[in-house]
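Below: one structure in structure tokens.
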Amino acid sequence: MSSPFAKITGFFSNPVFRKAVIGFSGSAAITAAGMLLSPVISRLYRPTDYGEYAVFSILLGNLSIVSSLNYLGALLLPKRNDRFAALAQLTLWLSTLVSVSFLGLLWLFEDSILSFFDIHSIGNMVYWIPFLLVVSVLSSCLQSLCIRENKYSVRAVSDVSANLSGKGYTIAHALWFGPSPIGFILGDMLNRLVAVGVVLVRLPLRITRLLTVPVPFRRLWKTAYFFRRFPVQVLPSTYLNIVSSQLPILLFKKFSTSAEVGSFAFASSMLELPVSLLGGALSPVVMRDSVQAYHEGGVDQLGKFCAGYFRKIFLGLAIPFAGAAVLGDLIFPTVFGAQWQTAGVVACLLAGYYAFRINYYIFVSVYTIVHKQLYDLIFNIVLLVARFSAVYFVVQSHGFLYAVGAYSAVSLVLTALNSYVLLATMGVRSWRIAIEQVAYFAGLLALLYAGREGIHHFMA
């Protein structure tokens, strides 16, 4: 039996990982520079500012999912370019329609919306949401186009350039105007605009014509009819998963302080960063190879493919999350500033959940291939109810940190269980993988905690 370290080495040498590396690691140094700006931002802004911006992002994220009917998740499915073009343009038209509608609601009910979400400090910046909605959907369509055309390097340059531009402006805004949520919002806006601009400039005109040449209305209607089942099968599950992840911020906004909301949102974003970066690099490659495995050997071949990489990905990527679970309360105030001490404790409580979330993030799209989206929907309904109950009742009776711990515990159990059920639907003996991964992560925690206690005892 090969050791875990041998499996980790094999993971970094497998074809799926190499494809991701080709697309994304060329700009690794620039990406690292962008990540290094986070400690600078955390010293310029207060947890309260981040909490207000987190609520703004929730509004934008929810509208993005609803307006696109989650068709963005189907853009890699069409084999023919004309169907892809029709589906992408249909998504853009839907997002434009929702943007205009939301703009009308803002004109009519601005005060009520600001009061309901308690974001009066943002003020008129809420009117940028409709514009950012369209730009966000356009950026997602262009990124899917890059994946279809194997232009991974273009997507990488776009992501890195956008990240650096957005963070750079956020820093400049705080230095020039002082800390406020507006600095985050304008930085986010520049981020999305640069992401779109870089892809449009670097992709050949023959490729971008798929989005720039209008598709006839009749073709759009046929595309909507052809994919009519996709929103019904996928959108509810995706939306519930997003809402349940945003739920703590909304509840903490009501029952806690804006500083605690900011601490939770900041800790979550730091833990989500490796999930989105590595998961974003691996998930499109895994999705493409999963479709190929399914076409070549059916569910059995797909199960073998997914089980192998499911193990390898977890073995490699669980290590940093175990470190965050044991050392987060030391790392955050040291790296990001003393005002983020609470965020470090939150990171300790959440890290275990994020360790098991990354495989779900990468492989959840496989549910679509095996036509088992109902399973994911059921799990997300249970997850939403469990998270609401854990946060709502615990935050009022025991306070903020206990509520975070309850949220993390139910999220870890249900997300991991969802992933193992996905493997079971493909004939994989997932219980063996579950025991292996739980034991491996527990061993990492025990080893790191023993090391921390040993160093503390030696220094004392």
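Keep in mind that this is a model prediction, so the values were computed, not measured. In this chain, residues are counted from 1 in sequence order.
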Would Y45 and T170 count as having a side-chain donor-acceptor pair, cut-off 3.5 Å?
no
Spacing of CG belonging to L211 relative to OG belonging to S144, to within rounding of 0.5 Å:
9.5 Å
So, does W340 use its side chain to make a donor-acceptor pair with the main chain of S42 at under 3.5 Å?
yes
Is the side chain of Q437 donor-acceptor paired with the backbone N or O of L315 at a distance under 3.5 Å, no angle test?
no
Taking the ring of Y407 and the ring of F264, is the distance between their centroids below 6.0 Å?
yes
Distance-only, no hydrogens or angles: does the D49 side chain make a donor-acceptor pair with backbone N or O of R46 under 3.5 Å?
yes
Is it the case that atom OH in Y449 sees more than 12 heavy atoms from other parts of the structure closer than 6.0 Å?
no
Name the orientation class of the two ring planes belonging to Y53 and F184 (parallel below 30°, tilted from 30 to 60°, perpendicular beyond 60°).
parallel
Check whether the ring centres of F356 and F321 lie less than 6.0 Å apart, and answer yes or no.
no
Is R202 close to S158 at the side-chain level, that is, under 4.5 Å between some pair of heavy atoms?
no
Got a donor-acceptor contact below 3.5 angstrom from the S139 side chain to the S136 backbone?
no
Spatial distance of atom CG (N191) from atom CG (N163) [nearest 0.5 Å]
6.0 Å
Donor-acceptor under 3.5 Å (Q89 side chain, V213 main chain):
yes
To the closest 0.5 Å, what do you measure between CD1 (I122) and CG (L114)?
8.0 Å
Backbone N/O of P130 and side chain of S99: donor-acceptor pair under 3.5 Å:
yes
Roughly how far, to the nearest 0.5 Å, is the CG atom of L190 from the CG atom of L186?
9.0 Å
More than 12 non-hydrogen atoms from neighbouring residues, nucleotides or ligands closer than 6.0 Å to NZ on K253, yes or no?
yes
Give a yes or no on this: more than 12 heavy atoms of other residues, nucleotides or ligands lie within 6.0 Å of atom OH of Y392.
no
Side chains of S57 and Q246 in contact at under 4.5 Å (non-hydrogen atoms)
no
So does R452 have more than 12 non-hydrogen atoms from other groups sitting under 6.0 Å from CZ?
yes
Between the main-chain N or O of A351 and the side-chain N or O of R357, is there a donor-acceptor pair closer than 3.5 Å?
no
Straight-line distance of S411 OG to Y354 OH, nearest 0.5 Å
8.5 Å
Main chain of I58, side chain of N62: is a donor-acceptor contact present, judged purely on distance under 3.5 Å?
yes
Would you check if R387 and S245 make a side-chain contact, meaning some heavy-atom pair closer than 4.5 Å?
yes
Could you check whether any side-chain heavy atom of F310 comes within less than 4.5 Å of a side-chain heavy atom of I433, counting everything from C-beta outward?
yes
Are R192 and L138 side-chain neighbours, meaning at least one heavy-atom pair lies under 4.5 Å?
no
Validation row, ring centre F252 to ring centre F400 under 6.0 Å
yes
Could you tell me if the side chain of S408 sits less than 4.5 Å from the side chain of L350, heavy atoms only?
yes
Using side-chain heavy atoms (C-beta onward) and a distance below 4.5 Å, is P248 in contact with V404?
no
Find the distance between OG1 (T212) and CG (L210) and round it off to the nearest 0.5 Å.
8.0 Å
Does any part of the side chain of I182, heavy atoms only, come nearer than 4.5 Å to the side chain of F177, both counted from C-beta?
no
